[in-house]
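Just so it is clear, the model here is predicted, and its values are computed rather than measured. In what follows, every heavy atom counts, from backbone to side chain, and hydrogens, waters and symmetry copies are set aside. Letters A, B, ... are given to chains in the order of the sequence lines, protein chains preceding strands, and every chain is numbered from 1.
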Amino acid sequence: MGDIALATFGTHGGAQVSRARRVRIRAAVVVAVLVSSLLIGQQSAHAVTMTGFLTYERTWANPSDGRLWYRPTYDTAMWWRSGSGTGSQITNDCAIGKGWLPVGWYDQWGHWENYNGTAIWGNVFWLSNKSCWNGSVTRTELFIHSEMKQDGTQHATYEPQRWDGTSDYASNGCVKLSPSDILNWHHYYHYTGGIGLGQHGQFTIPNFLHANQPT
Amino acid sequence: MRTYRRRVVMTLGIVAAAAAIGLAGSVGENKSQTVADAMPGSETPFDRSYVTGHRVKDSPEGQVRASLARDPHPVLQGTLSSVAVPSHDGRVIVYSTWEQQEGGERLASPSDQGVTPGTVVGTPVLRVHDLASGDDTEVARGAYSAALRHSGELAFFQATRPDFRAAERYVGHVVVADRIGEPAVPWTSSPDRYIVYAWARGTLLFYRMSEGERLTVMAASGPSDVRVLAEDATIVALSPDGGQVFLEHTNAEPRVSVVDVSTSDTVAELDLTDAVSEKASLPLLMYDGDWRGARVVAAGVNPDGPGVAHFEVSGNRIEAVAVDAFPVSEFPRGVASPRLNDSGRQYSVLASPGAGDVPDYYFLECDPGAECERRAVGRGDVPHSVENRSASHG
């Protein structure tokens, strides 16, 4: 199955972790919906909730070999290899353009299948901004993406639109997946994520992703 | 003050040069002079200063040299650019601040903090502090990353809309004013996310940040006279005379280069994979290094841990001279922002040995091949450099 791995949780430690996360996520979503409904009004019309749980696990020993976990249901989980950050300050999430994704909760601010940017293209998921660990810097322009053309195919020569292998898991801070894996995740996102996840463009999913750093 | 001995390794890729020079010997003394050698480095009254909170100091043990009205904050620029920039005559400091409006809880999502698309999260404000009078006033709202030229021109990023809002790209222009407080005119022709670096003689260097924080080094010589200097690269340091810039390209490939600022021509480059030995490898490199005389230093990391790489630039040649390695067990967060002293050999580097959420910060003052002295900054106080990276001439 390539880079995707499926796992079914039993009653061991992994299940307990999963249950704790599920409670936390659900509670957070409820609070977010209440707040947005009461205070924001207009924004709540665009807010979408996701029933599955998305987690990015940073890997200290090899940041280009992290895990994007997706749990569409309580007892099912799958992951895709993903990288974040690059260079000497890869584990310093205060290093703009270099460090990996800071830990914490992220909203999703948009999703496009055929994004036409200046640095990333194709199938992308826009993540909210995040302060780094010491609060000195706010990381911005964060996405889950791959290397592909706007239409999702591979460019023959232009490196930013051509996946060359494991070296391409390096990113400036985004979560980066291989082209086939992001299409696979995209499939699960649309078909098992929850009501309203069929849309594209700019919209909000509260608590879309949690990034963590396993010890 | 604690003395710290670090492991020093040499790269075999330049073994001939290293053997001839000696580990702690007079590196670069016998090399042909470059333009950089002929011009003295930038020397301002704040050449080695830093700020924690609102206090500006020269050294951890030194006196407070200035108390700014607000805490400088590099929230949108990090160490890509100086957060506080003194004028060359040492009379004023122009600094970037941040006025937080909403959110700010590091681990919570924006929605959990009531922040939804369009919510004003904060506003970057550029301020100027007069050291003689103590006056501290706003220069511009929606502005950050200043570069102050020797002749007085002030460049900075000015957002199209001052407030930084959730789920909106923070775009604007690089603008230039003839003097602090005078009207600023855009030098960029299209709004984008920019971070101003420094003046290189009459050329302004800045970054353009694209999606995913992809960085492009740009150069401008006047309004709408903008060009790309290097894509997927960052600036390690500007030469002391402002004619050249030392770039790292290690995001895309392990390479460093020297680029002529006026022509965008690559004058010299070095493939770092050629400089890998059995004993040590040159680190992957980081922006925010230093250049004095012919010597360039850059922080980085190799498979064994963090380090400081030393290069010599001479004409169209870059030589990797040495790598000072620091044990990852003691410095898990690495070392950053090395600065050479006037000799062009000794340097200081910022380190945070703690692994907790509130670490201690230190400056390590190092003599290549010998020892480092550890000077504590303080617990939890993130030090930011107070320096004018613009060339002191032109």
Novice: Do the side-chain N and O atoms of B/R193 and A/T140 include a donor-acceptor pair separated by under 3.5 angstrom?
Specialist: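 Looking only at side-chain atoms, A/T140 and B/R193 do form a donor-acceptor pair, the distance falling under 3.5 Å.
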Novice: So for B/Q100, is it side chain, backbone, both, or neither that comes closer than 4.5 Å to the heavy atoms of chain A?
Specialist: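 Neither part; nothing is under 4.5 Å.
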Novice: Where the side chain of B/E213 meets the backbone of A/G97, is there a donor-acceptor pair that is under 3.5 Å apart?
Specialist: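 Yes, the answer is positive, given that a donor and an acceptor are paired below the 3.5 Å cut-off.
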Novice: Quick one: what part of B/V328 sits under 4.5 Å from any heavy atom of chain A, side chain, backbone, both or neither?
Specialist: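 No part of B/V328 comes within 4.5 Å of chain A.
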Novice: Rounded to the nearest 0.5 Å, what's the gap from CH2 on A/W105 to CD on B/E105? Could you check?
Specialist: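 Here the interatomic distance stands at 13.0 Å.
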Novice: Check B/R214 against A/A119 and note the closest heavy-atom contact, atom names and distance.
Specialist: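 Looking at all heavy atoms of both residues, the closest pair is CD-CB, 3.5 Å.
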Novice: Measuring from B/D288:CG to A/K98:NZ, what's the distance to the nearest 0.5 Å?
Specialist: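 Rounded to the nearest 0.5 Å, the CG-NZ separation comes to 12.0 Å.
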Novice: Roughly how far, to the nearest 0.5 Å, is the CD atom of B/E211 from the CZ atom of A/F143?
Specialist: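 A/F143 CZ to B/E211 CD: 5.5 Å, rounded to 0.5 Å.
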Novice: Between A/Y115 and chain B, with a heavy-atom cut-off of 4.5 Å, which part of the residue counts as in contact: side chain, backbone, both or neither?
Specialist: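 Looking at A/Y115, just its side chain touches chain B.
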Novice: So for A/T118, is it side chain, backbone, both, or neither that comes closer than 4.5 Å to the heavy atoms of chain B?
Specialist: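 For A/T118, backbone and side chain are both near chain B.
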Novice: With only heavy atoms counted, which part of B/Q77 is less than 4.5 Å from chain A, the side chain, the backbone, both or neither?
Specialist: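 Interface part for B/Q77: backbone (N, CA, C, O).
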Novice: Cut-off 3.5 Å, side chains only: do B/Y170 and A/N129 have a donor facing an acceptor?
Specialist: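 No donor-acceptor contact under 3.5 Å links the two side chains.
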Novice: Does a side-chain heavy-atom distance below 4.5 Å link B/V75 with A/S136?
Specialist: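 No; the side chains remain at least 4.5 Å from each other.
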Novice: Chain A heavy atoms under 4.5 Å from B/Y207: which part of the residue, side chain, backbone, both or neither?
Specialist: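 Nothing of B/Y207, per the 4.5 Å heavy-atom cut-off to chain A.
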Novice: I want to check something: taking the side chain as every heavy atom from C-beta on, are B/M209 and A/I96 in contact at a cut-off of under 4.5 Å?
Specialist: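 A side-chain contact exists here, since the closest heavy-atom pair is under 4.5 Å.
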Novice: Give me the atom names and distance for the closest heavy-atom approach of A/T204 to B/P117.
Specialist: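 Looking at all heavy atoms of both residues, the closest pair is OG1-CG, 3.1 Å.
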Novice: Can you tell which of B/G334, B/G103, B/G78, B/P74 has the highest number of heavy-atom pairs within less than 4.5 Å of chain A?
Specialist: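 Max contact count across the listed options: B/P74.
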Novice: Would you mind checking which part of A/A95 comes under 4.5 Å of any heavy atom in chain B, side chain (CB onward), backbone (N, CA, C, O), both or neither?
Specialist: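 It is both, since atoms from each part get that close.
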Novice: From B/D112 CG over to A/N207 CG, what is the distance, rounded to the nearest 0.5 angstrom?
Specialist: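 Rounded to the nearest 0.5 Å, the CG-CG separation comes to 4.5 Å.
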Novice: Which value, rounded to the nearest 0.5 Å, describes the distance between A/W133 atom CH2 and B/L107 atom CG?
Specialist: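 Taking CH2 in A/W133 and CG in B/L107, the distance rounds to 13.0 Å.
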Novice: Please check if the side chain of A/D107 supplies one atom and the backbone of B/S109 the other of a donor-acceptor pair under 3.5 Å.
Specialist: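 No; judged by distance alone, with no hydrogens or angles, the pair does not exist.
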Novice: Between the side chain of A/Q202 and the main-chain N/O of B/A167, is any donor-acceptor distance below 3.5 Å?
Specialist: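 Side chain of A/Q202 to backbone of B/A167, a donor-acceptor pair under 3.5 Å: yes, one is there.
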